[in-house]
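Order of the sequence lines sets the chain letters (A, B, ...), proteins ahead of strands, with each chain counted from 1.
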There are 2 protein chains.
Amino acid sequence: MTKRPADPASGNAPAARQVPMRDFSRSLPMSLLRAREAVMRQFRPNLREHGLTEQQWRILRALAAIEAAEVTELARTAFLLGPSLSRILRDLEARNLIERKTAKTDQRRSMVSISREGLKLMASVAPSSEAIYAEITQRFGARKLAELQEMLGELEQSLAGLGAGNAAGAEE
Amino acid sequence: MTKRPADPASGNAPAARQVPMRDFSRSLPMSLLRAREAVMRQFRPNLREHGLTEQQWRILRALAAIEAAEVTELARTAFLLGPSLSRILRDLEARNLIERKTAKTDQRRSMVSISREGLKLMASVAPSSEAIYAEITQRFGARKLAELQEMLGELEQSLAGLGAGNAAGAEE
DNA sequence: GGGAAATACTTAACATGTTAAATGAATGCG
DNA sequence: CGCATTCATTTAACATGTTAAGTATTTCCC
């Protein structure tokens, strides 16, 4: 065996380490992904017990805070893409957790609202959910949590209107 | 605070607002989701131009930093679940971006490594990617970015070993 | 040494993310 | 009025997230 520590391509193993980049485990997207996963891992079992996914729960919560909403508005509020929302609403309607009716003035729009049954389901999920959130807040620290969310908001702001198709003077 | 000023259930619209919860647009999961999306939105177009998804890119990056890795190890590094990784590796192998061979000592394990072609692809993607990251860093501020990542790490730490099937003292 | 249990990975099944295209309804404008 | 354009929503197609089950090996241990 010839000793060639610096050239991994000497064997049959394909060469690696040839594209210098940041340690990717410390990249911002990764940090955000891991943090979010750590948080959601706490909530998912409870939601699952009630037959809800994270996204379905987001929609119910968004609807519970208002009378009714158009699909597009709901997508913005629940931070879901149109196609995802469309599918989920179909399922939630089949389960009688929401109700829809097309708007009178514009047949294209459909007004979505949470049903009585949906509210009942929410009432059964909310307590554990709030308890979990409280536990997280306590563990991490309420002040730090507020600070973190402040920074996340600032990050979002500082990237608003970057890329995404157009800045000042973008040509397509 | 026992005052209930508004009862929206006066019309025919299904009653809402009956399940008191935090304003969900300000919940931690939402903040994290929005922040991450704001960041990833910057990278996706570039990756897409090269026919890569975010996850495929994560895998290539993880592999470029090492000689070879077992699938399980790679899943941990790239923060992907086994089934997702399994599918992606199948596709990346079909595109000749990675190579696999089963380990000699244990037929169950398969060693994955990046191919020469994979390295070439990385080299063509990395510059724009780094440039975008630099732009983000500049906009948000390098110091603040480091601070944010520090907090995200702490959040992850403070939730490690919560829920997930075992409380204090549950040693499997 | 042989079978139960553990391990590494893959498949399966369903839900969502993501982009493009389709559908149906309103609007603008000649 | 007629018709191209815009708009709101859905469908389609493909990729990943998520949990459960399956498959092939290996290890444990009597």
Side-chain angles (χ1 to χ4, degrees), chain A residues 29 33-34 36-59 68-76 78-95 97-98 100-112 164-165, chain B residues 29 33-34 36-37 40-49 51-59 68-76 78-95 97-98 100-112 164-165 172:
Chain A
L33 181 59
R34 294 158 83 109
R36 186 174 139 81
E37 178 54 28
V39 173
M40 286 314 301
R41 198 196 315 284
Q42 313 304 320
F43 290 102
R44 264 191 285 265
N46 178 41
L47 292 177
R48 188 169 175 71
E49 278 174 24
H50 294 276
L52 287 176
T53 65
E54 174 196 337
Q55 292 83 357
Q56 293 166 349
W57 178 236
R58 284 219 300 275
I59 293 172
E70 299 172 13
V71 172
T72 302
E73 180 190 357
L74 188 54
R76 195 171 35 72
F79 209 67
L80 291 169
L81 293 178
S84 295
L85 182 54
S86 204
R87 281 176 305 211
I88 299 175
L89 289 179
R90 168 167 45 72
D91 300 348
L92 291 180
E93 187 176 21
R95 289 164 65 182
L97 297 177
I98 65 165
R100 327 163 82 160
K101 47 182 182 179
T102 56
K104 307 165 193 63
T105 64
D106 189 337
Q107 298 293 114
R108 291 172 305 183
R109 296 166 146 83
S110 101
M111 304 303 293
V112 186
Chain B
L33 181 58
R34 293 158 84 109
R36 187 174 138 81
E37 177 54 27
M40 286 314 303
R41 199 197 314 283
Q42 312 304 320
F43 290 101
R44 263 191 285 267
N46 179 40
L47 291 176
R48 187 167 177 72
E49 277 173 24
L52 286 176
T53 66
E54 176 195 338
Q55 292 83 356
Q56 293 167 348
W57 179 236
R58 285 221 298 276
I59 293 172
E70 300 172 13
V71 173
T72 301
E73 180 190 356
L74 187 55
R76 194 171 37 71
F79 209 66
L80 292 169
L81 293 178
S84 294
L85 182 54
S86 204
R87 281 176 304 212
I88 300 175
L89 289 180
R90 168 166 48 71
D91 300 348
L92 291 180
E93 187 176 21
R95 290 163 67 182
L97 297 176
I98 65 164
R100 328 163 80 157
K101 49 182 180 180
T102 56
K104 306 167 192 61
T105 65
D106 188 338
Q107 299 293 115
R108 291 171 306 182
R109 296 168 203 275
S110 99
M111 305 302 294
V112 185
E172 305 271 317

Check this one for me: any side-chain N or O of B:Gln56 less than 4.0 Å away from OP1 or OP2 of D:dT16? yes
Looking at B:Thr72, I'd like to know whether one of its side-chain N or O atoms comes within less than 4.0 Å of OP1 or OP2 on C:dC9. yes
Please report, rounded to the nearest Å, how far the C1' atom of C:dA20 is from the CG atom of A:Leu81. 13 Å
How many whole angstroms separate atom CG of A:Leu47 from atom P of C:dT16? 12 Å
Side-chain N or O of A:Arg100 versus OP1/OP2 of D:dT10: is the shortest distance under 4.0 Å? yes
Just by modelled atom types, is the A:Thr53 backbone N or O under 3.5 Å from a matching donor or acceptor in the A:Gln56 side chain? yes
Interatomic distance, B:Arg87 CZ vs D:dC14 C1' [rounded to whole Å]: 11 Å
Any A:Gln107 side-chain N or O less than 4.0 Å from OP1/OP2 of D:dA8: no
Side-chain N or O of A:Arg44 closer than 4.0 Å to phosphate OP1/OP2 of D:dT18: yes
Phosphate OP1/OP2 of C:dG17: any B:Arg48 side-chain N/O under 4.0 Å: no
Are any of the side-chain heavy atoms of B:Arg95 and B:Leu52 separated by less than 4.5 Å? yes
If you assign each of A:Gly82 and A:Asp106 to its closest nucleotide in DNA chain C, which residue comes earlier from the 5' end? A:Gly82
Measure from CD1 on B:Ile88 to P on D:dC14 and round the result to the nearest Å. 17 Å
What's the CD1-C1' distance between A:Ile59 and C:dG17, to the nearest Å? 13 Å
To the nearest angstrom, how far is B:Arg58 atom CZ from D:dT16 atom C1'? 10 Å
Please tell me which of A:Glu37 and A:Glu73 maps to the more 5' nucleotide of DNA chain D, matching each residue to the nucleotide holding its nearest heavy atom. A:Glu73
Within the 4.0 Å heavy-atom criterion, would you say A:Leu85 contacts the bases, only the backbone, or no part of the nucleic acid? nothing
Report yes if the side chains of B:Glu70 and B:Met111 come closer than 4.5 Å at any heavy-atom pair, otherwise no. yes
Can you tell me which nucleotide in C:dT16, D:dT9, C:dA13 comes closest to the side chain of A:Ser84? C:dT16
Donor-acceptor pair, distance only, cut-off 3.5 Å: does the side chain of B:Arg100 make one with the backbone of B:Val112? no
Which whole-number value in Å describes the distance from B:Leu52 CG to D:dA15 P? 12 Å
Is the phosphate of D:dT16, meaning OP1 or OP2, less than 4.0 Å from a side-chain N or O of B:Thr53? yes
Once you round it to whole Å, what is the distance between P of D:dT11 and CZ of A:Arg90? 7 Å
Using a 4.5 Å cut-off on heavy atoms from C-beta on, say whether the side chain of B:Arg44 contacts that of B:Met40. yes
I'd like to know if B:Arg108 reaches the base of C:dT7 with its side chain, counting only an N/O donor and acceptor under 3.5 Å. yes
